[in-house]
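Note sheet for the following structure.
Scope of the values below: all heavy atoms of this structure, side chains included, with no hydrogens, waters or symmetry mates. One is the number of the first residue; the rest follow in order along the sequence. Please read all numbers here as calculations on a predicted model, not as lab measurements.
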Amino acid sequence: MAFLEANNIKKSFGDTQVLRGIDFSMERGEVAVIIGSSGGGKTTFLRCLNFLETPGEGTIVVGGEEIFNAAIKYTDAEKREKRLRFGLVFQSFNLFPQYTARENVAMPLKLRLFERYATGLSRREKHALKKSVRVEAYQKADEILAEVGLADKANNYPCELSGGQCQRVAIARALALSPDILCFDEPTSALDPELTGEVLRVIKSLKSGDRTMIIVTHEMAFARQVADKIVFIADGLIEEIGTPEEVFEHPKSEKLKAFLHNDEL
């Protein structure tokens, strides 16, 4: 059984059907890069995986556990818990401007740790727990910031960082809770061209034998370098899937051929 399985994922907004039945799977440690024209359904599919959108039909299985079934109504608490299986890096950073880089990365850790251990504690015990959680979260945040090359920027606020550095803080924040699957939604689309390279280098460095990643991007050269598989989505369906060589050198679908031709122009 594949590590991630998405079966017959459908999503509509009003009368507009954006996803028309996505069937997708990947193994643990694999890097899948999703490409396709704007409006084809790439980001909507990613948001469905992360419980930011609710599919109208379909199921999602991670590590053999069904975490979503469109036939079941989940509570908000259940959705929050299931969402933790995924980490998502947004296009536009979404950092809290009033917090430093360290605090932005530590915040989800503090909330998660406190939620995990606070049940049944007295007010005094909860106050003590907050202090210990803060220390643990900041230590982990510093480790992750160092991993993305920002150890010296931990005390800087977003307004003091470049766009590329802000996106690296966002990547660190997504890594903080050790998600099963790390997702990137056009991670360089909000950056100036000269800042794109530093973010792509960090993402490439994250590729390892046990880190599973899904990346939506228009950076075709980067997709070739980092992907184990390329997924081409068009008109709400997976039109073609294969290795970078198969997709870029030997495309079969006419839609994919047209997409790649337009990308080269």
Side-chain angles (χ1 to χ4, degrees), residues 46-47 49-54 60 62-63 65 67-68 73-185 187 190 199 202-203 205-206 208 210-214:
L46 209 60
R47 289 176 65 85
L49 290 178
N50 284 269
F51 287 83
L52 297 178
E53 300 288 354
T54 303
I60 300 171
V62 176
E65 177 189 353
I67 65 168
F68 175 79
K73 185 174 178 61
Y74 298 99
T75 65
D76 289 342
E78 288 173 328
K79 289 179 181 179
R80 285 196 302 272
E81 187 67 27
K82 294 172 185 295
R83 189 177 290 132
L84 294 175
R85 305 295 294 269
F86 296 85
L88 178 59
V89 179
F90 297 91
Q91 296 180 28
S92 54
F93 325 141
N94 286 4
L95 300 180
F96 292 101
Q98 70 272 36
Y99 297 134
T100 64
R102 176 187 287 120
E103 290 167 329
N104 265 282
V105 177
M107 183 178 296
L109 273 168
K110 288 191 291 184
L111 293 173
R112 181 60 174 163
L113 289 170
F114 186 78
E115 181 181 64
R116 180 181 296 171
Y117 299 120
T119 303
L121 298 183
S122 66
R123 179 177 296 181
R124 178 177 295 179
E125 289 171 329
K126 286 182 178 179
H127 183 71
L129 176 63
K130 284 183 179 180
K131 289 184 177 180
S132 65
V133 159
R134 179 185 177 91
V135 171
E136 182 177 345
Y138 279 9
Q139 180 179 351
K140 180 71 177 294
D142 286 341
E143 292 172 359
I144 300 173
L145 285 169
E147 185 177 0
V148 300
L150 291 175
D152 60 335
K153 301 294 183 182
N155 293 314
N156 288 76
Y157 291 88
C159 65
E160 299 172 322
L161 302 173
S162 70
Q165 289 169 337
C166 283
Q167 190 60 296
R168 283 191 277 159
V169 174
I171 292 171
R173 183 178 59 187
L175 288 168
L177 294 178
S178 302
D180 291 320
I181 301 167
L182 186 60
C183 302
F184 298 85
D185 182 18
V199 173
V202 168
I203 296 172
S205 74
L206 295 176
S208 67
D210 60 355
R211 185 166 275 149
T212 309
M213 297 193 288
I214 303 174

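Residues Gln165 and Leu150 share a closest heavy-atom pair of O-CD1, 3.5 Å. The minimum heavy-atom distance linking Gln167 with Phe90 is given by the pair NE2-O, 3.1 Å. The shortest heavy-atom contact between Ala176 and Lys140 is O-NZ, 3.4 Å. Taking every heavy atom of both residues into account, Glu160 and Asn156 meet most closely at OE1-CA, 3.3 Å. Residues Phe93 and Cys166 come closest through the heavy atom pair CD1-CB, 3.7 Å. Closest non-hydrogen pair, Val169 versus Val105, comes out as O-CG2, 3.9 Å.
Atoms CG and CG, from Leu84 and Asp180 in turn, are 10.0 Å apart once rounded to the nearest 0.5 Å. The distance from atom CZ of Arg80 to atom CG of Leu111, rounded to the nearest 0.5 Å, is 10.5 Å. For the atom pair Lys73 NZ and Thr54 OG1, the distance stands at 8.5 Å (nearest 0.5 Å). Distance CG/Leu182 to CZ/Phe86: 11.0 Å, rounded to 0.5 Å. Between atom CD of residue Glu143 and atom OH of residue Tyr138 there is a gap of 15.0 Å, rounded to the nearest 0.5 Å. Between Ile181 atom CD1 and Arg85 atom CZ the span is 8.0 Å, to the nearest 0.5 Å.
Side chain of Glu78 to backbone of Thr75: a donor-acceptor contact under 3.5 angstrom is found. Using modelled atom types, no side-chain atom of Asn104 and backbone atom of Leu95 make a donor-acceptor pair closer than 3.5 Å.
We find that Lys110 and Glu136 are not joined by a salt bridge, their nearest charged nitrogen and carboxylate oxygen being 4.0 Å or further apart. Salt bridge annotation for Lys131-Glu125: absent, with no cationic side-chain nitrogen under 4.0 angstrom from a carboxylate oxygen. Between Glu103 and Arg173, no side-chain nitrogen of the basic residue sits less than 4.0 Å from a carboxylate oxygen of the acidic one, so the salt-bridge criterion is not met.
There is no side-chain donor-acceptor pair under 3.5 Å between Arg83 and Asn50.
Residues Pro179 and Leu88 fail the side-chain proximity criterion, which asks for heavy atoms closer than 4.5 Å. Side-chain contact between Arg211 and Leu175 is present, with heavy atoms from C-beta onward closer than 4.5 Å. Residues Lys153 and Leu145 fail the side-chain proximity criterion, which asks for heavy atoms closer than 4.5 Å. Ile171 places a side-chain heavy atom less than 4.5 Å from the side chain of Phe184. The side-chain heavy atoms of Asn94 and Ser92, taken from C-beta on, include a pair separated by under 4.5 Å.
Taking the six-membered ring for Trp and thresholds of 30 and 60 degrees, Tyr74 and Phe68 have ring planes inclined between 30 and 60 degrees apart.
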request  = Any chance you could lay out the side chain to side chain contact (heavy atoms under 4.5 Å, CB included) test for Glu147 and Leu206, step after step, and finish with the verdict?
outcome  = CA-CA 9 Å; Glu147 185 177 0; Leu206 295 176; 3.7 Å; yes
message = Does Ile203 form a side chain to side chain contact (heavy atoms under 4.5 Å, CB included) with Val89? I'd like the steps, not just the answer.
response = CA-CA 11 Å; Ile203 296 172; Val89 179; over 6 Å; no
